[in-house]
Every structure is written in C-alpha cells, then in structure tokens.
Amino acid sequence: MFRLHLNVFIMALASRALGLAFDGAVGFGAIATGGNSGTTVHVTNLLDSGSGSFRDAVSQSNRNIVFDVSGYIQLKSAVSLSSSLTINGQSAPGNGIGIMGGEISASDKSNIIIRNLRMRQGTLDTDTGKSAFNMGGASNVILDHCSVEYGQWDSIDAVGAVNITVSNSIIALPIGQQFGAHVETGPSTFYRNLWVSAHNRQPLSKDNTQYVNNVVYNYQAGYTSGNTGGVFSHDIINNYFITGPSTTSSKNAFYQMAADQSVYATGNYLDSNNDGQLNGAPDNTVGSSTVLSKPWASTSLGLATMSAADAVTYVLANAGATPRDELDTFVVNVVKSFGTQGTLYKNQANTGVSNGGYGTL
Ligand SMILES: *[C@@H]1O[C@H](CO)[C@@H](O)[C@H](O)[C@H]1NC(C)=O
C-alpha cells in the first residue's frame with residue numbers, strides 16, 4: 001500500500017517536473033497544471049447545489065476535486081467551472097460519476113484538467129443552445145478519458161479556445177445539431193478518441209490541429225475545416241474512419257477541406273463497405289487541401305505511435321471514462337458492428353439504454 005502510494009507520488013512528481021498535467025498527458029493542453037497544487041475538495045452528494053455538491057466544489061479556483069459518491073448528478077442549470085481546477089472522476093467509488101441534464105462550462109477560464117468524467121447533457125436540459133462541455137474562450141484545458149454524449153449544440157464547444165487537448169475520450173451520440181466538437185483559435189490536439197454517430201464536426205477545426213489515432217464511426221461528415229474560417233494547418237495521422245448506416249457519402253470522412261487549408265496526412269484508413277468487419281484501405285487525400293510534406297507541429301509524429309488499425313483496437317478497449325459504464329458499452333458495441341449498426345439520435349431515450357437513455361451508474 002505504501003509502495004503504491006509512493007509510486008503514484010513519484011509519478012506525480014515526474015509529470016510535474018516535465019510540466020505536464022498528469023503522467024501521460026499529451027498535446028497542447030498538457031501544459032495545464034489544474035488545481036494540483038491547491039486544496040483537495042470532496043464532492044459528498046449528488047445534489048445540484050449547496051454544501052458538498054459538485055457546483056459548490058468547482059466554484060473556487062486552485063482546487064483538486066474528488067468524489068466520495070458515485071452516480072449521476074442531475075443539473076438544474078449549467079455549471080460554471082473556475083480556473084485552475086483538476087476534476088478527477090476516477091476518485092469516485094463504484095461505477096463512477098456522471099453529470100446529466102446541463103452544460104459543464106469552462107468558458108473564458110484557464111488551466112483546467114478533467115479526467116474520467118461523464119458529461120451527458122441530453123434533453124433534460126431545455127436549453128438547446130448549450131453543449132455537453134463548453135470551453136469557449138478558455139485556455140490550457142485538457143480532457144482525458146471523458147465520455148461526452150447527448151450534447152445539443154455541440155458535444156464540445158471550443159470556439160476561441162487556446163491550447164487544448166481532448167484525449168482518450170468518447171465523443172458520441174450528439175442530439176440536437178448532432179455535432180461533435182467545434183474549435184476555433186487553438187492550437188488543439190485530438191488524440192485516441194472515439195467519435196460515434198454524428199452529423200458533422202468530428203471536429204470542426206478552424207485552428208491549427210493535431211489529430212492522431214482517432215476512430216470515427218457512422219459519420220455523415222468527419223474531419224471538417226469549413227471554408228470560411230481562415231487558413232490553418234492540420235496534422236492528420238493514423239486515424240480510422242468507418243462508415244455506418246447513417247453515412248451518406250464515405251468521401252465526407254474529410255469535409256470542406258479546401259485548397260486554403262494545409263494538411264499533413266499519413267497512415268489514415270477508411271473502411272466504407274459496411275460489411276461487419278474492419279477491412280479498410282489507406283485514405284490520405286484530404287479534399288483539395290494543400291499537401292504539407294512534413295507536419296506543421298513538431299510533436300505530431302511522436303504522438304502517432306499506433307497504426308490506424310491498432311488505434312481501433314486500443315480506442316475500443318480504452319476510450320472514455322473508467323470504469324466503462326452501460327452507455328459507453330452500448331456505444332462501443334455499435335462500433336464493433338463495423339458498418340451494420342448505428343443511428344443518429346434526436347433524443348437519448350431512443351437508444352433504448354436504461355435510465356431514459358443515460359444508462360445506470
Ligand atoms: C499556449 O501555450 C504556449 C506554449 O506552448 C504558451 O507559450 C502560451 O502562453 C499559451 N497560451 C496561453 C493563452 O496560455
């Protein structure tokens with residue numbers, strides 16, 4: 001026991017010495033230090049507000065948030081995070097912690113680390129203009145091993161966000177606009193994420209982006225840049241795009257990638273035959289984008305340690321909040337159908353998952 005704690009302590013020291021959010025943190029958001037050097041604050045109940053609530057815990061900066069309870073916190077309104085926070089969902093006992101029915105907002109804040117948190121807005125939130133997670137105008141934010149489902153505006157809204165990472169996360173089943181993530185300003189890193197059953201924005205990158213070892217399933221449009229957003233560079237390496245029943249054109253794995261966008265693309269695969277097996281082919285022509293002969297970001301190739309096929313195996317086994325719960329299991333099993341299952345939803349209840357679609361924690 002002592003040895004385990006000592007190892008964790010040494011790992012924490014090592015990542016701090018390297019200036020990383022946590023051991024294994026990657027990308028532009030990895031410089032976040034969160035509330036690691038501040039006070040540890042315990043969430044002791046599942047109430048919307050008041051003493052011991054999540055809302056109260058995140059209301060002050062320089063805090064490391066841990067959970068003494070498991071289950072869903074049902075929000076009555078959006079919850080606003082403070083700057084310099086660490087939220088460690090993995091501290092929750094049992095099947096972990098989830099937030100339902102409202103937006104979690106880091107809007108205009110800085111220096112935030114969120115790990116192993118389930119963010120599931122859904123139609124319980126009557127504000128269809130809000131997202132599951134909003135980091136608009138924020139800086140230095142890393143989401144790792146999060147499960148972001150049932151977002152209404154976007155799953156992740158990051159317009160005006162600087163230095164962000166989304167890694168090892170499930171970004172799935174957006175309702176409302178049915179969009180994944182929208183990033184402007186940047187730079188941003190998307191690494192080893194599972195994107196499932198969205199209409200578009202996986203992500204919409206109006207910024208300089210690293211996109212490595214992601215798996216995108218049952219898309220209508222995948223990686224998108226948007227012709228009007230400005231001139232950006234995109235490193236797109238070793239990702240796997242897999243069509244499903246909702247895919248209307250497999251070519252829209254890359255969408256609105258015009259000649260004014262510069263792309264370094266290598267090792268990407270597309271499986272477009274919906275035949276129940278993973279058997280895609282290389283696909284590295286990114287619209288009419290200008291081809292870069294080397295990555296724009298010096299760290300991109302170093303991140304690409306897995307082939308696209310290995311990333312599928314890894315991401316299906318590891319992405320999302322730990323421990324994997326009922327809803328994430330549903331999402332992963334849809335992907336494992338490799339083309340035969342998948343639906344774009346307008347309401348979480350239509351999934352047939354328990355607890356009105358949210359699943360039981
Ligand atoms: C973004 O990260 C870079 C280092 O990579 C840093 O120099 C810059 O200050 C950061 N931006 C903000 C707004 O913190």
Side-chain angles (χ1 to χ4, degrees), residues 12-38 58-65 80-88 103-115 117 131 133-146 154 156-169 181-193 203-214 225 229-237 261-264 292 294-305:
L13 278 184
S15 56
R16 291 295 279 287
L18 291 167
L20 293 177
F22 49 84
D23 189 48
V26 303
F28 294 105
I31 59 170
T33 53
N36 288 348
S37 56
V58 300
S59 65
Q60 304 285 326
S61 295
N62 301 308
R63 287 183 166 182
N64 179 28
I65 311 298
S80 197
L81 307 181
S82 301
S83 292
S84 298
L85 280 186
T86 299
I87 299 172
N88 275 322
E103 180 181 84
I104 300 168
S105 176
S107 181
D108 297 324
K109 302 303 195 306
S110 63
N111 193 29
I112 294 173
I113 302 167
I114 306 180
R115 303 187 76 196
L117 190 65
S131 302
F133 183 69
N134 177 5
M135 55 174 144
S139 58
N140 306 340
V141 178
I142 184 165
L143 301 189
D144 182 65
H145 282 287
C146 288
D154 288 308
I156 298 172
D157 194 315
V159 175
V162 179
N163 295 339
I164 62 167
T165 295
V166 180
S167 54
N168 299 301
S169 291
H182 179 178
V183 190
E184 295 191 21
T185 307
S188 61
T189 304
F190 292 91
Y191 176 72
R192 296 184 181 173
N193 301 301
L204 169 59
S205 288
K206 296 185 177 182
D207 73 330
N208 295 337
T209 303
Q210 291 179 309
Y211 191 72
V212 178
N213 285 158
N214 293 275
S225 187
V231 179
F232 301 108
S233 298
H234 312 260
D235 291 341
I236 303 175
I237 308 174
Q261 306 298 315
S262 295
V263 176
Y264 179 82
L292 293 174
K294 61 181 179 56
W296 73 268
S298 61
T299 54
S300 294
L301 284 176
L303 293 181
T305 54

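Both ligands and their constituent atoms are indexed starting at 1 by order of listing. It should be emphasised that the depicted structure is a prediction, and the values quoted were computed from it without experimental measurement.
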**Prompt:** Under 3.5 Å, is there a donor-acceptor pair between the Ser139 and Asn163 side chains?
**Reply:** no
* Under 3.5 Å, is there a donor-acceptor pair linking the side chains of Asn36 and Thr86? -> yes
What one should report as the nearest heavy-atom pair of Phe133 and Ile114 is CE1-CD1, 3.6 Å
Closest heavy-atom pair, Asn208 versus Ser233, reported as atoms and distance to 0.1 Å, is OD1-N, 2.9 Å
Write 'none' if nothing qualifies; otherwise put on separate lines each N/O atom of ligand 1 with a protein N/O atom under 3.5 Å away and their distance to 0.1 Å.
from, atom 1, to, atom 2, distance (Å)
ligand 1, 2 (O), Asn163, OD1, 3.3
ligand 1, 2 (O), Asn163, ND2, 2.4
ligand 1, 11 (N), Asn163, ND2, 3.0
ligand 1, 14 (O), Asn140, ND2, 3.1

With Asn111 as partner, the option from Asn140, Thr33, Asn62 fulfilling side-chain hydrogen bond (donor to acceptor under 3.5 Å, both in side chains) is Thr33
Tested for side-chain hydrogen bond (donor to acceptor under 3.5 Å, both in side chains) against Gln210, the lone hit among Thr165, Thr189, Asp235 is Thr189
